[in-house]
Amino acid sequence: MIEEIILKLREKGCKITPQRRAVIQSLLKFEKFPTAQEVYNDIRLVNPDVGLDTVYRNLHLLTGMGVVNQINLPGRDGKVFELTLDGHHHHLICLSCGEANCLNYCPVDEKDLQEAAGAKFRVVGHSLELYGYCKKCEE
C-alpha cells in the first residue's frame, strides 16, 4: 500500500523524505480521520525528532499532490486528514457528533464547475463536505 503511494508521489516529482514516509505510514494506521496533532503524536513514538511544523508541512504538500484529503470539521477538531487510496470522493459530516464518513463517489461534474467559474478562472480541483445529522443523532 505505502509503495503505491510513494510511486504516485515520485511520478509527480516529489522527493520521499523519511519524514514524508513517516506521515504516510502514520495515516495508514488510523481507522478514522486523524488530526495533524494525532499524526504528530503517533510519529513521535518512533521518531521524537520530527516536529509538529514538519507534520503540517508534509500534510499540506501531500494534500496538494492529491494523495491526502483534508476534511474540514465544524467545531472542536477543525481539520482531519485521510489518504486518498480509493480515488476522489467527498464526505458526510454530522453537525451534532462530528462523525465524518466517506461519500464513495463524486456527485460534482467538473464541466459544470468550470462553467460556473467562468472564463477568467481555471478549475483544477474541488472539495465538497455535506453537513447534516447522522442516524444516531437524529434519534
Side-chain angles (χ1 to χ4, degrees):
M1 183 80 64
I2 190 167
E3 293 309 319
E4 293 172 33
I5 296 164
I6 288 171
L7 179 62
K8 187 175 181 180
L9 289 169
R10 283 191 174 132
E11 287 172 353
K12 294 181 177 196
C14 182
K15 182 178 175 186
I16 307 303
T17 64
Q19 296 87 349
R20 201 156 291 146
R21 184 180 289 270
V23 169
I24 294 166
Q25 287 172 323
S26 179
L27 287 169
L28 284 167
K29 291 179 188 176
F30 288 92
E31 285 185 35
K32 274 298 187 177
F33 316 118
T35 63
Q37 183 70 49
E38 290 170 328
V39 171
Y40 168 70
N41 292 343
D42 179 62
I43 291 171
R44 294 217 6 128
L45 295 173
V46 177
N47 189 347
D49 296 331
V50 173
L52 183 58
D53 58 331
T54 300
V55 171
Y56 272 107
R57 271 196 312 275
N58 277 285
L59 287 169
H60 179 73
L61 180 128
L62 294 169
T63 299
M65 300 293 272
V67 297
V68 169
N69 274 338
Q70 175 181 296
I71 305 162
N72 300 306
L73 300 179
R76 64 194 175 279
D77 291 329
K79 299 173 185 171
V80 294
F81 300 89
E82 73 169 333
L83 286 170
T84 56
L85 302 174
D86 300 323
H88 178 76
H89 64 275
H90 301 289
H91 300 91
L92 306 167
I93 300 167
C94 180
L95 290 169
S96 183
C97 68
E99 178 83 12
N101 291 295
C102 295
L103 180 62
N104 291 321
Y105 70 99
C106 178
V108 178
D109 185 335
E110 291 284 338
K111 289 179 276 187
D112 290 343
L113 286 180
Q114 187 57 61
E115 186 177 315
K120 294 183 180 184
F121 186 84
R122 183 174 61 92
V123 175
V124 296
H126 68 275
S127 176
L128 176 68
E129 284 129 10
L130 302 174
Y131 298 97
Y133 297 94
C134 69
K135 200 77 149 163
K136 278 191 303 191
C137 292
E138 278 281 299
E139 294 172 354

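Computed over heavy atoms, backbone and side chain alike; hydrogens, waters and symmetry mates excluded. Positions are given from 1 along the sequence.
Here the side chains of I93 and P74 are in contact, with some heavy-atom distance below 4.5 Å. Using a 4.5 Å cut-off on side-chain heavy atoms (C-beta onward), V68 and L61 make no contact. The shortest distance between side-chain heavy atoms of R20 and C14 falls below 4.5 Å.
Hydrophobic clustering, with ILVMFWY side chains joined whenever heavy atoms are under 4.5 angstrom apart, keeps L27 apart from L7. In the hydrophobic clustering of ILVMFWY residues, with side-chain heavy atoms under 4.5 Å counting as a link, L28 and I43 come out together. One hydrophobic cluster holds both Y133 and Y131 under the rule that ILVMFWY side chains link at heavy-atom gaps under 4.5 Å. Cluster membership check: L45 does not share its hydrophobic cluster with L59, using side-chain heavy-atom separations under 4.5 Å among Ile, Leu, Val, Met, Phe, Trp and Tyr. Hydrophobic cluster membership differs between L92 and L73, with clusters built from Ile, Leu, Val, Met, Phe, Trp and Tyr side chains linked at under 4.5 angstrom.
The two residues F33 and A100 make their nearest non-hydrogen contact at CE1-O, 3.2 Å. Closest approach of Y40 and L52 over heavy atoms only: CE1-N, 3.3 Å. Of all the heavy atoms in P34 and V39, the pair that sits closest is CG-CG2, 3.8 Å. The heavy-atom pair separating H90 from P107 by the smallest distance is CD2-CD, 3.6 Å. H91 and H89 make their closest contact through NE2-NE2, 3.4 Å (heavy atoms, listed as atom of the first residue, atom of the second, distance). The minimum heavy-atom distance between V55 and A36, with the atom names listed, is CG1-O, 3.8 Å.
Checking side-chain atoms of S26 against main-chain N and O of A22 turns up no donor-acceptor pair under 3.5 Å. Remark: the backbone N or O of G78 is not paired with any side-chain donor or acceptor of T35 at under 3.5 angstrom. For the pair Q114 (side chain) and V123 (backbone), a donor-acceptor distance under 3.5 Å is present. Proximity of a side-chain donor or acceptor of D42 to a complementary backbone N or O of E38 within less than 3.5 Å is not detected. The main-chain N or O of V67 is never found under 3.5 Å from a side-chain atom of K8 such that the two would form a donor-acceptor pair.
Around atom NZ of K32, more than 12 heavy atoms belonging to other residues, nucleotides or ligands sit under 6.0 Å away.
The structure places CG of N72 at 6.5 Å from OG of S127, a figure rounded to the nearest 0.5 Å. Rounding to the nearest 0.5 Å gives a distance of 4.5 Å between CG of L9 and CD1 of I16. Atom-to-atom distance recorded for C102:SG and I71:CD1 is 6.5 Å, nearest 0.5 angstrom. The line from CG of D109 to CD of E115 is 9.5 Å long, rounded to the nearest 0.5 Å. Atom OG1 of T63 sits about 10.5 Å away from atom CG of N58, to the nearest 0.5 Å.
Donor-acceptor pairing under 3.5 Å is recorded for the side chains of E110 and H126.
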Between R57 and Q19, is the side chain to side chain contact (heavy atoms under 4.5 Å, CB included) condition met? List the steps. CA-CA 10 Å; R57 271 196 312 275; Q19 296 87 349; over 6 Å; no
Determine whether Q70 and H60 satisfy the following criterion, side chain to side chain contact (heavy atoms under 4.5 Å, CB included), listing intermediate values before the conclusion. CA-CA 9 Å; Q70 175 181 296; H60 179 73; 5.8 Å; no
Walk me through whether V50 and V23 qualify under side chain to side chain contact (heavy atoms under 4.5 Å, CB included). CA-CA 10 Å; V50 173; V23 169; over 6 Å; no
Report the C-alpha separation of L103 and E129 in whole Å, then their side-chain angles, then the decisive distance to 0.1 Å, and conclude whether the side chain to side chain contact (heavy atoms under 4.5 Å, CB included) test is met. CA-CA 9 Å; L103 180 62; E129 284 129 10; over 6 Å; no
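With respect to the salt-bridge test (charged N to carboxylate O, under 4.0 angstrom), the residues R21 and E3 qualify.
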